[in-house]
2 protein chains.
Amino acid sequence: MPVRTRRKNPRRAVATETAAHGHRRTRMDHAQELAEDYVELIDDLIQKCGEARAVDIARHLGVTHVTVTKSIARLQNEGLVTSAPYRSIFLTDKGRLLARRARERHRLVLDFLIALGVPRNDAEIDAEGIEHHISPRTLDAMKRFLKR
Amino acid sequence: MPVRTRRKNPRRAVATETAAHGHRRTRMDHAQELAEDYVELIDDLIQKCGEARAVDIARHLGVTHVTVTKSIARLQNEGLVTSAPYRSIFLTDKGRLLARRARERHRLVLDFLIALGVPRNDAEIDAEGIEHHISPRTLDAMKRFLKR
DNA sequence: AACAAATTGTAGTATATGCTATATTTTAGC
DNA sequence: GCTAAAATATAGCATATACTACAATTTGTT
Ligand SMILES: [Mn+2]
Ligand SMILES: [Mn+2]
Ligand SMILES: [Mn+2]
Ligand SMILES: [Mn+2]
């Protein structure tokens with residue numbers, strides 16, 4: 001067990017505001033990323049299957065249908081999707097827009113990782129998490145790398 | 001409003017298990033990332049200030065000290081830190097190990113983004129989120145890029 | 001049309017992370 | 001040593017995301 005010394009000299013606040021920035025941004029990214037994954041997947045399902053059903057979303061995300069139902073309710077409140085009881089899920093214009101932007105960024109991140117030399121399987125898994133923390137500046141840098 | 005058609009032909013389950021993989025991994029990463037950020041910061045504070053106090057952690061992360069207290073309780077349950085009432089926070093051996101690994105990875109991701117041409121400010125913010133979704137394979141690829 | 005299977009809804013629960021407001025304790029300055 | 005400020009603790013609350021268990025509805029097949 002470590003010795004517990006009492007503090008003696010209150011050090012002046014080390015530059016914290018800048019550090020807090022990054023963490024705040026990450027927390028905001030996380031609040032947004034479920035929405036991005038959902039609308040991207042819903043858009044995919046509609047194109048591939050003709051419609052997006054809760055059960056398919058659940059299987060794709062690896063969660064139960066109950067979790068999907070609750071999340072969809074949140075997305076509906078935010079104006080990203082529409083849904084009616086016992087019916088499949090649709091994207092609003094706003095949702096479709098977010099889906100397209102999310103997919104583009106996702107694809108670019110994936111292509112970038114592969115171009116960097118990451119094995120496809122690992123690249124796919126990592127991209128699923130990384131994609132939500134990419135600022136426009138970093139996206140630009142990845143684009144430049146792909147064009148090199 | 002979109003037309004709500006009833007489903008006609010239940011499509012066979014599109015390959016879902018592989019897709020679910022990435023999402024499951026991302027959720028696991030998120031469960032781990034608060035721990036990583038905390039122990040890394042605590043290690044920093046101990047080195048720079050001699051000790052890690054809840055109020056400093058709070059300022060660095062941009063949350064209230066109450067949030068820090070609760071999170072520290074969780075980390076203590078997981079054996080990463082020790083704490084006593086009205087005393088500063090210490091890392092266990094396990095916590096120190098995680099902190100060192102997290103910092104190394106964090107630094108590498110940051111260096112990589114900068115080398116890629118991302119402005120330092122954006123790189124610092126993005127790295128804070130990205131670092132937690134980097135598999136060993138991707139880390140290797142980044143190392144190779146830095147050595148190129 | 002009736003039945004079984006699939007799908008969706010609902011109730012109740014759990015955990016993690018965040019907050020404000022207030023009480024307590026420690027620290028620092030006099 | 002007192003006292004005020006700083007730090008920490010505690011109570012109460014809110015939200016997001018996840019689950020199991022069970023009820024209701026829809027769909028596909030006989
Ligand atoms: Mn994703
Ligand atoms: Mn870090
Ligand atoms: Mn981080
Ligand atoms: Mn993340």
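Side chains included, hydrogens not; waters and symmetry mates left out as well; all remaining heavy atoms used. Chain naming here is simple, since letters A, B, ... match the order of the sequence lines and numbering starts at 1 in each. Because the structure is predicted, anything quoted here is derived from the model rather than measured.
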Take the protein atom [atom1] of [X] and the nucleotide atom [atom2] of [N], then report the distance between them rounded to whole Å.
X: H30(A); N: dA16(C); atom1: NE2; atom2: C1'; answer: 13 Å
X: Y86(A); N: dA24(D); atom1: OH; atom2: P; answer: 9 Å
X: I89(A); N: dT8(C); atom1: CD1; atom2: P; answer: 7 Å
X: L80(A); N: dA16(D); atom1: CG; atom2: P; answer: 13 Å
X: R87(B); N: dT24(C); atom1: CZ; atom2: C1'; answer: 14 Å
X: M28(A); N: dT17(C); atom1: CE; atom2: P; answer: 19 Å
X: E51(B); N: dA7(D); atom1: CD; atom2: P; answer: 11 Å
X: L61(A); N: dC19(D); atom1: CG; atom2: C1'; answer: 15 Å

(Q) Quick check: on DNA chain D, is the nucleotide nearest K70(B) upstream (toward 5') of the one nearest V55(B), or the reverse? Name the residue that is more 5'. (A)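 Closer to the 5' end of DNA chain D: V55(B).
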**Q.** Residue whose closest nucleotide on DNA chain D lies nearer the 5' end, V63(A) versus P85(A)
**A.**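 The residue whose closest nucleotide sits nearer the 5' end is V63(A).
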[X] side chain N/O closer than 4.0 Å to the phosphate oxygens (OP1, OP2) of [N]?
X: R27(B); N: dA18(D); value: yes
X: R24(A); N: dG18(C); value: no
X: T67(A); N: dT17(D); value: no

Does [X] [atom1] have over 12 foreign heavy atoms under 6.0 Å away?
X: Q32(A); atom1: CD; answer: yes
X: R137(A); atom1: CZ; answer: no
X: E104(B); atom1: CD; answer: no

Name the closest nucleotide to the [X] side chain, picking from [options].
X: V66(B); options: dT10(D), dA9(D), dT7(C); value: dT10(D)
X: H65(B); options: dG9(C), dC13(D), dT8(D); value: dT8(D)
X: T69(A); options: dT7(C), dT10(C), dA18(D); value: dT10(C)

(Q) Among R101(B), R103(B), R105(B), exactly one meets salt bridge (Lys or Arg N to Asp or Glu O under 4.0 Å) together with E36(B). Which residue is that? (A)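 Single salt bridge (Lys or Arg N to Asp or Glu O under 4.0 Å) partner of E36(B) among R101(B), R103(B), R105(B): R105(B).
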Q. Under 3.5 Å, is there a donor-acceptor pair between the D37(A) and H132(A) side chains?
A.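 H132(A) and D37(A) do have a side-chain donor-acceptor pair below 3.5 Å.
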